[in-house]
Novice: 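This is the structure I want to talk about, given as structure tokens.
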Amino acid sequence: MVMGPTHAVSGAAAWLVASAVAESVFDYHQSPVTIAVGTIACTGAALLPDLDCSGRVLQNKGGAIVARTFGVFSLFLAECVEKFSLGVYLVTRTKKDGKKTNGHRTFTHTWLFAVLLGLGVAALINRYEKAAVIPIMFLLTGLAIRGFMNAWAKKQGWWVVTLLSLTVAFGLYELLPGNISYKVLGAAVAIGCIIHTLGDMITKMGCPVIFPIPIKRRVWYEIGLPDSIALRAGSKVEKKLLMPLFTTTAVVALFFMLPSVRDMIAGWISP
């Protein structure tokens, strides 16, 4: 079983809640288009760490759901990410960390990776400005589609997901104003990756999120819930509790950003 849809919805909820807080507390306003861009980016990034789970590239099989987003192309990318993550693990592991033969749930499942990737995205946008939005949103839109609508995407084929992702990426490029900075996408990517690790931490495997800070002489110490209360991916708790909770949170946050809704709530609170 997989947590793809839950990761996707939690990513969307996280960004919408962050946007609602930024608007109401810090008076940071966004246009509907920029809110959509950030939400899509955070949703896709909430699936991105699983690109460290590769499959059989030439056969277009295996790997994580998101690794099959763009067919053999994303499977090849996942193969590179997996080997890079494994290399980081092998170079930095201690004797207490043990041996690994693949890079799944290693470097891309750390908060260091999330921060570095977010800074990298921000730097890319700072260098190439609005033009950098196209490749970034192409990748993240594809991951978001695969996470939200895995069954549909699997039935339609990777080329449909690719075309949709291209359409969204170029459509957003045309809609977005060119006189503002989009470095906030770096924050969306970092938050999405962190949300993914938090989701994995409630399962039995856990994640080495604080790498390279050592715990019990292990720099890859996997932090998670005790087995007695940890969830199983695809369990009833995930489907019946977490998915409705994240969905409701996202919808409430979205409505809260509407000025009319905030005015109505202020009217209720004010004497």
Side-chain angles (χ1 to χ4, degrees), residues 2-16 30-55 57 60-82 108 114 117-118 120-122 124-125 128-178 182-193 195-196 250:
V2 294
M3 294 184 66
T6 305
H7 283 314
V9 175
S10 65
W15 187 253
L16 289 172
Q30 302 178 75
S31 69
V33 176
T34 54
I35 291 174
V37 169
T39 303
I40 294 171
C42 198
T43 301
L47 280 299
L48 194 149
D50 275 346
L51 281 177
D52 67 357
C53 185
S54 61
V57 177
N60 195 16
K61 293 181 179 179
I65 286 176
V66 292
R68 300 192 295 274
T69 301
F70 304 114
V72 295
F73 302 102
S74 53
L75 276 170
F76 176 73
L77 174 62
E79 184 75 16
C80 295
V81 172
E82 187 271 323
T108 63
L117 185 63
V121 168
L124 187 66
I125 292 174
Y128 296 102
E129 299 180 341
K130 188 179 172 183
V133 172
I134 296 177
I136 293 170
M137 293 308 299
F138 167 72
L139 173 62
L140 297 178
T141 299
L143 299 184
I145 292 173
R146 194 73 201 226
F148 262 123
M149 301 180 291
N150 176 49
W152 178 86
K154 183 178 180 180
K155 183 178 179 181
Q156 300 301 318
W158 65 268
W159 62 275
V160 173
V161 176
T162 301
L163 290 177
L164 281 175
S165 301
L166 280 172
T167 301
V168 171
F170 279 98
L172 290 173
Y173 177 82
E174 292 296 325
L175 290 172
L176 289 171
Y182 296 100
K183 289 186 287 186
V184 70
L185 279 177
V189 169
I191 291 173
C193 290
I195 288 296
H196 179 102

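This is a predicted model, so every value here is computed, not measured.
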Novice: How far does CG of L47 sit from NE2 of H196, to the nearest 0.5 angstrom?
Specialist: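 So the CG of L47 and the NE2 of H196 are separated by 7.5 Å.
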Novice: Got a second to check how far I65's CD1 is from L143's CG, nearest 0.5 Å?
Specialist: 11.5 Å
Novice: Indicate yes or no: at least one non-hydrogen side-chain atom of W158 is less than 4.5 angstrom from one of R68.
Specialist: no
Novice: Nearest 0.5 angstrom please: E79 CD to C53 SG, how far?
Specialist: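 Taking CD in E79 and SG in C53, the distance rounds to 10.5 Å.
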Novice: Nearest 0.5 angstrom please: L140 CG to I145 CD1, how far?
Specialist: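 Interatomic distance, L140 CG to I145 CD1, rounded to 0.5 Å: 11.5 Å.
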Novice: Would the distance check show the side chain of S165 and the main-chain N or O of G142 forming a donor-acceptor pair, the cut-off being under 3.5 Å?
Specialist: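 Yes, the answer is positive, given that a donor and an acceptor are paired below the 3.5 Å cut-off.
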Novice: Considering only heavy atoms from C-beta outward, does the side chain of L16 approach that of I35 to under 4.5 Å?
Specialist: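 Contact flag for L16/I35 side chains = yes.
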Novice: For the atom pair CZ (F148) and CD1 (I40), what is the distance rounded to the nearest 0.5 Å?
Specialist: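 Reported value, rounded in 0.5 Å steps: 10.0 Å.
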Novice: Shortest non-hydrogen contact from A190 to G118?
Specialist: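 Distance-wise, the nearest heavy atoms are CB-CA, 4.2 Å.
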Novice: Which heavy atom of A132 sits nearest a heavy atom of P135, and at what distance?
Specialist: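 Taking every non-hydrogen atom into account, O-CD, 3.3 Å.
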Novice: Less than 4.5 Å apart, any side-chain heavy atom of V121 and any of Y182?
Specialist: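 V121 vs Y182: side chains apart.
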Novice: Under 3.5 Å, side chain of K183 to main-chain N/O of I125, donor-acceptor pair present?
Specialist: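 No.
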Novice: Would you indicate whether the side-chain heavy atoms of L117 and C193 approach each other to under 4.5 Å?
Specialist: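 Heavy-atom side-chain distance check passes, below 4.5 Å.
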Novice: Could you give the distance from OG1 (T6) to CD1 (I195), rounded to the nearest 0.5 Å?
Specialist: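 So the OG1 of T6 and the CD1 of I195 are separated by 12.5 Å.
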Novice: With sequence neighbours excluded, what pairs up with F138 under the ring-ring contact (aromatic ring centres under 6.0 Å, His included) test?
Specialist: F70
Novice: May I ask you to test the F76-V72 pair for a side-chain heavy-atom distance under 4.5 Å?
Specialist: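 SC-SC contact between F76 and V72 ruled out.
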Novice: Can you find a pair of side-chain heavy atoms, one from L48 and one from V66, that are under 4.5 Å apart?
Specialist: no
Novice: Return the minimal non-hydrogen interatomic distance between T43 and A8, and the atom names on each side.
Specialist: CG2-O, 3.4 Å
Novice: Do you know the tightest heavy-atom contact between V81 and L51?
Specialist: CB-O, 3.5 Å
Novice: Could you tell me whether the side chain of M137 reaches within less than 4.5 Å of the side chain of L185, counting heavy atoms only?
Specialist: yes
Novice: Of the non-hydrogen atoms in E82 and D52, which two are nearest, and what is the gap between them?
Specialist: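 Residues E82 and D52, closest heavy atoms: CG-O, 3.1 Å.
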Novice: Is any side-chain heavy atom of M149 closer than 4.5 Å to a side-chain heavy atom of Q156?
Specialist: no
Novice: Between A188 and A41, which heavy-atom pair has the shortest distance, and what is it?
Specialist: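 For A188 versus A41, the nearest heavy atoms are CB-CB, 4.0 Å.
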